[in-house]
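Inspection log for the structure reproduced underneath, given as structure tokens.
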Amino acid sequence: MTTVPAAESQVLLKLTEYVRRTFLEDGDGGSDLTETTPLLQLGILNSRNTGQLLAYIHEEFGVSVPPARITGKYFADLDSISALVSELHEG
């Protein structure tokens, strides 16, 4: 298990709650959501949901994700998304 900085763990917590509340509230596995749940593979993130998530990231963290970073590498799971948001927030 890797140790994440405190700021990144707060980002992870907020992103997890947002994804659970917004995309999984119908009871289809929201309690099973972890930082490594494959969001793209399971269809939790599709183009519409990714757009909503990007808007939330901008609103909540004041971060605009560059189009070059909106890829499967950065949006595969909550861990990679929170690392991206933390990196962009610091930079």
Side-chain angles (χ1 to χ4, degrees):
M1 183 169 172
T2 59
T3 304
V4 295
E8 190 174 322
S9 66
Q10 286 299 315
V11 170
L12 178 60
L13 183 65
K14 288 182 177 186
L15 287 173
T16 302
E17 277 307 305
Y18 177 79
V19 169
R20 183 176 285 128
R21 183 179 67 247
T22 306
F23 306 134
L24 301 174
E25 76 179 46
D26 295 338
D28 50 350
S31 62
D32 296 336
L33 185 67
T34 69
E35 66 271 6
T36 58
T37 299
L39 302 175
L40 296 170
Q41 287 180 344
L42 295 178
I44 295 168
L45 281 186
N46 53 35
S47 57
R48 184 183 61 117
N49 290 354
T50 301
Q52 283 182 266
L53 181 59
L54 288 168
Y56 171 77
I57 289 169
H58 182 73
E59 229 176 76
E60 182 68 30
F61 305 106
V63 170
S64 293
V65 178
R69 297 277 190 104
I70 304 171
T71 65
K73 174 183 176 183
Y74 296 105
F75 283 79
D77 54 37
L78 289 165
D79 199 35
S80 58
I81 298 168
S82 63
L84 172 65
V85 170
S86 295
E87 175 191 328
L88 293 172
H89 192 265
E90 291 172 4

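- Side chain of Ser82 to backbone of Asp79: a donor-acceptor contact under 3.5 angstrom is found.
- Side-chain contact check for Val19 versus Ile81: every heavy-atom pair is 4.5 Å or farther apart.
- In this structure the side chain of Ile57 reaches within 4.5 angstrom of the side chain of Leu15, judged on heavy atoms.
- Leu53 CG to Asn46 CG: the interatomic distance, rounded to the nearest 0.5 Å, is 11.0 Å.
- By the 4.5 Å heavy-atom criterion applied to side chains, Leu78 and Leu33 are counted as neighbours.
- Interatomic distance, Asp77 CG to Thr36 OG1, rounded to the nearest 0.5 Å: 6.5 Å.
- At a threshold of 4.5 Å between side-chain heavy atoms, the hydrophobic network of Ile, Leu, Val, Met, Phe, Trp and Tyr places Leu13 and Phe75 in two separate groups.
- A side-chain donor-acceptor contact under 3.5 Å links Thr34 and Thr37.
- With rounding to the nearest 0.5 angstrom, the OG1 atom of Thr22 is 12.0 Å from the CD1 atom of Ile44.
- Within a 6.0 Å sphere centred on CD of Gln41, heavy atoms belonging to other residues, nucleotides or ligands number 12 at most.
- Side-chain atoms of Gln52 and Tyr18, non-hydrogen and from C-beta on, do get closer than 4.5 Å to each other.
- Inter-residue side-chain proximity for His89 and Val11 is flagged as unmet; no heavy-atom pair is nearer than 4.5 Å.
- Across all non-hydrogen atoms, the minimal contact from Pro66 to Leu88 is CD-CD1, 3.9 Å.
- At a threshold of 4.5 Å between side-chain heavy atoms, the hydrophobic network of Ile, Leu, Val, Met, Phe, Trp and Tyr places Phe23 and Leu42 in one connected group.
- Taking a cutoff of 4.0 Å between a charged side-chain nitrogen and a carboxylate oxygen, Glu17 and Arg20 qualify as a salt bridge.
- One finds the CZ atom of Arg69 at 11.5 Å from the OG atom of Ser80 (value rounded to the nearest 0.5 Å).
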